[in-house]
There are 2 protein chains.
Amino acid sequence: MAARTYGQYCGVVTALELVGERWALLIVRDLLVGPRRYSDLKAGLPRIPTNILATRLKELQAAGVVRRVPLAHGLVYDLTEYGRGLEDVVLALGRWGFRAMGEPGADDVVTPDSMTMAFRTAFRPAAAAGWVGTFVVHVGDVVLTLTVDDGDLTVTRGPTDGAALTFAAGPAIREVIAGRVSPDDAVRTGVVHVLDGDPAALTRFAEIFHLEAEPAPVVPV
Amino acid sequence: MAARTYGQYCGVVTALELVGERWALLIVRDLLVGPRRYSDLKAGLPRIPTNILATRLKELQAAGVVRRVPLAHGLVYDLTEYGRGLEDVVLALGRWGFRAMGEPGADDVVTPDSMTMAFRTAFRPAAAAGWVGTFVVHVGDVVLTLTVDDGDLTVTRGPTDGAALTFAAGPAIREVIAGRVSPDDAVRTGVVHVLDGDPAALTRFAEIFHLEAEPAPVVPV
DNA sequence: CGGGATCCCTTAGGATACTG
DNA sequence: CAGTATCCTAAGGGATCCCG
């Protein structure tokens, strides 16, 4: 056991010893969206072996990051207050990883919780200041409602009536969020399919949800 | 090989596939201080197996995070511009991990590079605004010079003349940085040993270098 | 059906030795 | 100095099974 420690007295090392194991931060990512049952977590992380999920949940509890909350029937896992402090870490990782995202792999999936955190990552409160409205986004079979209220963002699953704009998009939506494809071009080239509302609102969307594309990785030949 | 992927199209997953393996972020942490030779990295990570260090360095190069730079004699590893973008991640991890740090383990070590990043993490530009001066800190056998210049911090190895304050401290220095022990108490109880300069300058130090102690983890019984 | 535990096998990672 | 080579352990992956 002591063999698998990093053996340094350092905050980064302490953090990695708590949440540095494989899958741990992805469990945290999903729990940042809300409390989840075991089966929810399993569904949100289709490739996690069930024994690993069980092991991680125990480790995260022992670390004071996650706690079990008994429910009327069943139970949920929730982040502790300390665990919620990982939001900065997860957002920073998402922001950095975004710049290395290429095309999705053949069997890559998109989950509601990962998309929710992605939109939280891309959200720019300053750009949303003074604006109130709702977007409904379809990506794959994930449908999310993004409720923007003057610098605050709430993401919920499923559609909502009365959205300023409802649209469907594929993975190429990242080009819009990166600012590499203009909203107009996105609509014209079919990257974005407007289902309802005013297509012009996509400009507002791109202002509010934006991630830096640079510096992107340059891989050696 | 595809078996060890997370299988999600998501920024966090992309990031973890690039720097989520064991030891990877600690290599990055040390490289954030400056370019390092293979043997420097090995010295800074005493418990890393040499084959793992070699493997990680190759992976980090392939990911566009690290590059080899040939030198007059020998070579160094340096972060790419993209790799430097991980500073946010490492600082966020350090900030979060700090709150879970207890007493150091029996064979925990402290390295110059990890300490350097720790002081960078704790540095508060706003608190340093308008102030120019130098601290020399001894922790274990690590000696660092912290040069504060009106919101900018430079950390260098070894001592410097003309410091506003030179002091030695043990791991309990974290209590001062957390604000749980006042500078005065720290001097009185021997947590901090003033070697040179005006002990009153420790107050300034504690203002400039500060990390939140809460919320700290509460571990279940 | 939610919430795991168990089994087996593969491979990453740890320890140590050795080389261009 | 900058890594390979080797051997071994333990963590992770995959499937199945179990229990309230």
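Order of the sequence lines fixes the chain letters, A, B, ..., with proteins taken first and strands second; residue numbering starts at 1 for each chain.
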Residue pair A/V176 / A/A206: nearest heavy atoms and the distance that separates them: CG1-CB, 4.0 Å
Distance, rounded to the nearest Å, where B/L26 contributes CG and C/dG14 contributes C1': 16 Å
Take B/E17 and B/R4 through the test salt bridge (Lys or Arg N to Asp or Glu O under 4.0 Å) and record every step on the way to the result. CA-CA 9 Å; B/E17 281 175 347; B/R4 219 178 137 80; over 6 Å; no
Steps toward salt bridge (Lys or Arg N to Asp or Glu O under 4.0 Å) verdict (A/R56, A/E59): CA-CA 5 Å; A/R56 287 295 168 272; A/E59 291 164 352; 2.9 Å; yes
Given Watson-Crick and G-U pairs under 3.5 Å, DNA chain D in dot-bracket ([ ] crossing, | other strand) is .|||||||||||||||||||
Rounded to whole angstrom units, what separation is found between the CG atom of B/N51 and the P atom of C/dG13? 10 Å
Within less than 4.0 Å of OP1 or OP2 of D/dG13, is there a side-chain N or O belonging to A/R22? yes
Taking the six-membered ring for Trp, are A/F205 and A/F135 parallel (under 30°), tilted (30 to 60°) or perpendicular (over 60°)? perpendicular
Gap between atoms NZ and P, on A/K42 and D/dG13 respectively (whole Å): 13 Å
With B/D113, the salt bridge (charged side-chain N to carboxylate O under 4.0 Å, His left out) member among B/R120, B/R36, B/R29: B/R36
Validate the cation-pi geometry between A/R22 and B/Y6: distance from NZ or CZ to the six-membered ring centre under 6.0 Å, angle to the ring axis within 45°. yes
Nearest-Å distance, CD1 (B/I52) to P (C/dT16)? 15 Å
Rounded to the nearest angstrom, tell me the gap between atom CD in A/E21 and atom P in D/dA11. 8 Å
Hey, is the side chain of B/W23 poking within less than 4.0 Å of OP1 or OP2 on C/dA12, counting only N and O atoms? no
Integer-rounded Å distance: D/dG14 P and B/Y6 OH: 13 Å
Tell me whether A/R67 forms a cation-pi arrangement with A/Y82, defined as NZ or CZ under 6.0 Å from the six-membered ring centre and within 45 degrees of its axis. no
Just the rounded figure in Å: distance from C1' of C/dG3 to CZ of A/R37. 10 Å
Hey, can you pull the residues of residues 53-78 of chain B with a non-hydrogen atom under 4.0 angstrom from DNA chain D? B/A54, B/K58, B/R68, B/L75, B/Y77
Determine whether a donor-acceptor pair (N or O, by modelled atom type, separation under 3.5 Å) exists between the side chain of B/T80 and the backbone of B/V65. yes
Just checking A/S39: base, sugar-phosphate only, or nothing, at a heavy-atom cut-off of under 4.0 Å? sugar-phosphate
Quick check: does any side chain N or O of B/Q8 sit under 3.5 Å from a backbone N or O of A/G44, one acting as donor and the other as acceptor? yes
Check this for me: does the side-chain of A/T50 come within 3.5 Å of the base of C/dA5 through a donor and an acceptor? yes
Between P on D/dA11 and CD on A/E17, what's the gap in Å once rounded to a whole number? 14 Å
